[in-house]
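Just below is one structure, and these are the notes that go with it.
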Amino acid sequence: MESVIEKIKAAGKRVFGADTPLPFPDTLSIESSYACNLKCVMCPRHFEGVPQGMFTLEMFEKFIEPYIHKFKYVHLTGWGETLMNREMPELIRRCRKAGCWTCFTSNGLLLRPPLDRQILETDLELISISCDADNAQTYEYVRGKETFNVLIERLTAFNRLREEMGAQTTMQWSFVQMRHNFEQLPGAVRLAARCGFHRIVAKHIETVVNRSELADAMWNTGIAPDMPPELVERHDEVLDEARRAADEEGITLEVHPRRMHHQGMCLVKPVTNLFVDYEGRVSSCCYLNKNDLRPYNLPEEKPEDDGVYGDLHLGDLMEFLESERFRDFQRTWLRHEVPEPCRNCLQVNRMNTTSPD
């Protein structure tokens, strides 16, 4: 079997040339909230004791706004529920004013008046709503009790308001595929269409609270067993059914592949991505800022380098991006190698999976 490095090198040669210059990140992800109103089964925030915190408008003005125009895309999302940050409408407006393509991900439960209208008035490009089921029983197992019907009512009302306002915001339904719920994807496609969504993305579980929960993944994590052939076959049948449902409903369906080594780096594309957490720490990826966000790693597997370039309270964003530490991180990926902070991350294991696409 090819190693992770061998597969990265093979794929990376098709993506980057030997003399590729170091790129400036085009995507800035800001963790607008580390608080949440749900307790999802796969969220590693629970491993950390669930601290609550926000990325404030004051922090944005001081640390980010002077440089925001340098980024093409801004994703105002991290490990918490985005809309718990009461300054979200203004954060979006500031990003849009700078000319950035702006989006956020949410569980959708807070999309109610007057926040719903305030969000739509920002004219942001995309809102992604996380919903991993087509019925209350499965959804509430994953996301929390007595929430499904409320969510569907609010999403339907929100999309009705969006149409009334003539807002151009694209609405995306995000479905995390797991072994216990993947057969509900076709039903979720039809439900998303009925609620007024434009597209649905079928993702894969990418974080867990502990190693045992990796057995629910639809791909070979490198830690948990791969799917048996009969489950792979059934998954393919469900995907075909979901595609037919999308065609019939007039909704776009995007299915993430089970493996990612074809793009020469992990799903996050860390060479051109920058992440700022709610406390102001800067890294290339939301998986790097705290080692405890990878609780499935054993203590001896934790990297010595946590991948954090610095704290915005103690340094300047551009200084971090011009540092040798950041440049070495980019160079390592562009050499088709895995940087030390990224080793043993599930995203890298996903590149090495033996599962079929």
Side-chain angles (χ1 to χ4, degrees), residues 40-42 77 103 105-109 125-143 147-149 151-156 158-159 162 169-208 213-221 224-263 267 346-347 350-351 353-357:
C40 303
V41 295
M42 63 284 201
T77 302
C103 70
T105 298
S106 168
N107 61 41
L109 288 166
E125 277 79 3
L126 182 141
I127 299 174
S128 182
I129 302 297
S130 301
C131 184
D132 319 300
D134 65 358
N135 65 77
Q137 181 178 359
T138 302
Y139 176 86
E140 291 174 4
Y141 165 76
V142 176
R143 301 279 175 179
T147 51
F148 182 75
N149 291 333
L151 175 65
I152 298 307
E153 289 175 5
R154 289 185 177 165
L155 295 180
T156 302
F158 182 80
N159 278 316
R162 176 183 53 78
T169 301
T170 297
M171 295 300 297
Q172 174 177 288
W173 181 298
S174 180
F175 184 105
V176 177
Q177 300 175 90
M178 294 169 272
R179 296 192 190 196
H180 79 271
N181 75 339
F182 77 92
E183 295 199 64
Q184 295 180 25
L185 179 59
V189 169
R190 297 190 185 280
L191 180 57
R194 289 199 299 272
C195 289
F197 281 74
H198 301 100
R199 65 195 309 267
I200 180 168
V201 175
K203 304 171 59 178
H204 287 277
I205 188 170
E206 294 158 2
T207 59
V208 293
E213 291 168 338
L214 289 171
D216 205 18
M218 303 295 297
W219 53 282
N220 183 346
T221 63
D226 197 6
M227 290 193 299
E230 61 272 18
L231 189 58
V232 173
E233 182 179 0
R234 178 58 186 147
H235 184 224
D236 289 340
E237 291 173 353
V238 169
L239 292 181
D240 287 341
E241 184 181 348
R243 292 184 179 101
R244 289 193 296 272
D247 289 340
E248 293 170 4
E249 298 289 346
I251 187 173
T252 300
L253 171 64
E254 177 186 341
V255 179
H256 284 197
R258 283 191 282 263
R259 57 184 176 184
M260 295 300 303
H261 64 257
H262 64 279
Q263 70 177 24
L267 176 70
L346 279 188
Q347 297 295 340
R350 184 171 175 185
M351 297 173 63
T353 179
T354 56
S355 299
D357 286 328

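Here the structure is a predicted model, which means the values were calculated and not measured.
Contacts of Glu125 classified as salt bridge (charged side-chain N to carboxylate O under 4.0 Å, His left out), with partners at least two apart in sequence or in another chain: Arg96. Legend: residues meeting side chain to side chain contact (heavy atoms under 4.5 Å, CB included) with Arg194, ordered by chain and number and at least two apart, are Arg190, Leu191. Checked against side chain to side chain donor-acceptor pair (under 3.5 Å), Thr105 has the following partners two or more places apart in sequence or in another chain: His75. Listed by chain and number, the residues in a side chain to side chain contact (heavy atoms under 4.5 Å, CB included) with Asp247 amount to none (sequence neighbours excluded). Under the salt bridge (charged side-chain N to carboxylate O under 4.0 Å, His left out) criterion, Arg234 pairs with Glu183, Glu237, not counting sequence neighbours. Residues that satisfy the side chain to side chain donor-acceptor pair (under 3.5 Å) test with His204, not counting sequence neighbours, are absent from this structure. Legend: residues meeting side chain to side chain donor-acceptor pair (under 3.5 Å) with Asn159, ordered by chain and number and at least two apart, are Arg162. Residues satisfying the side chain to side chain contact (heavy atoms under 4.5 Å, CB included) test with Asn149, not counting sequence neighbours, are none. Judged as a salt bridge (charged side-chain N to carboxylate O under 4.0 Å, His left out), and not counting sequence neighbours, the contacts of Arg143 are Asp132. Every residue two or more places apart in sequence or in another chain that forms a salt bridge (charged side-chain N to carboxylate O under 4.0 Å, His left out) with Glu254 is listed here: Arg199. Residues satisfying the ring-ring contact (aromatic ring centres under 6.0 Å, His included) test with Phe197, not counting sequence neighbours, are Trp173. Every residue was checked against the side chain to side chain donor-acceptor pair (under 3.5 Å) condition with Thr169, not counting sequence neighbours, and none meets it.
Between Gln177 and the options Lys203, Gln184, His235, a side chain to side chain donor-acceptor pair (under 3.5 Å) holds for only His235.
Rounding to the nearest 0.5 Å gives a distance of 4.5 Å between CG of Leu151 and OH of Tyr139. For the atom pair CE (Met171) and CD1 (Ile129), the distance works out to 5.0 Å, reported to the nearest 0.5 Å.
Residues Val189 and Glu248 fail the side-chain proximity criterion, which asks for heavy atoms closer than 4.5 Å. Side-chain contact between Ile200 and Leu185: present, with at least one pair of heavy atoms (C-beta onward) separated by less than 4.5 Å. Put simply, the side chain of Thr147 reaches to within 4.5 Å of the side chain of Glu140, judged on heavy atoms.
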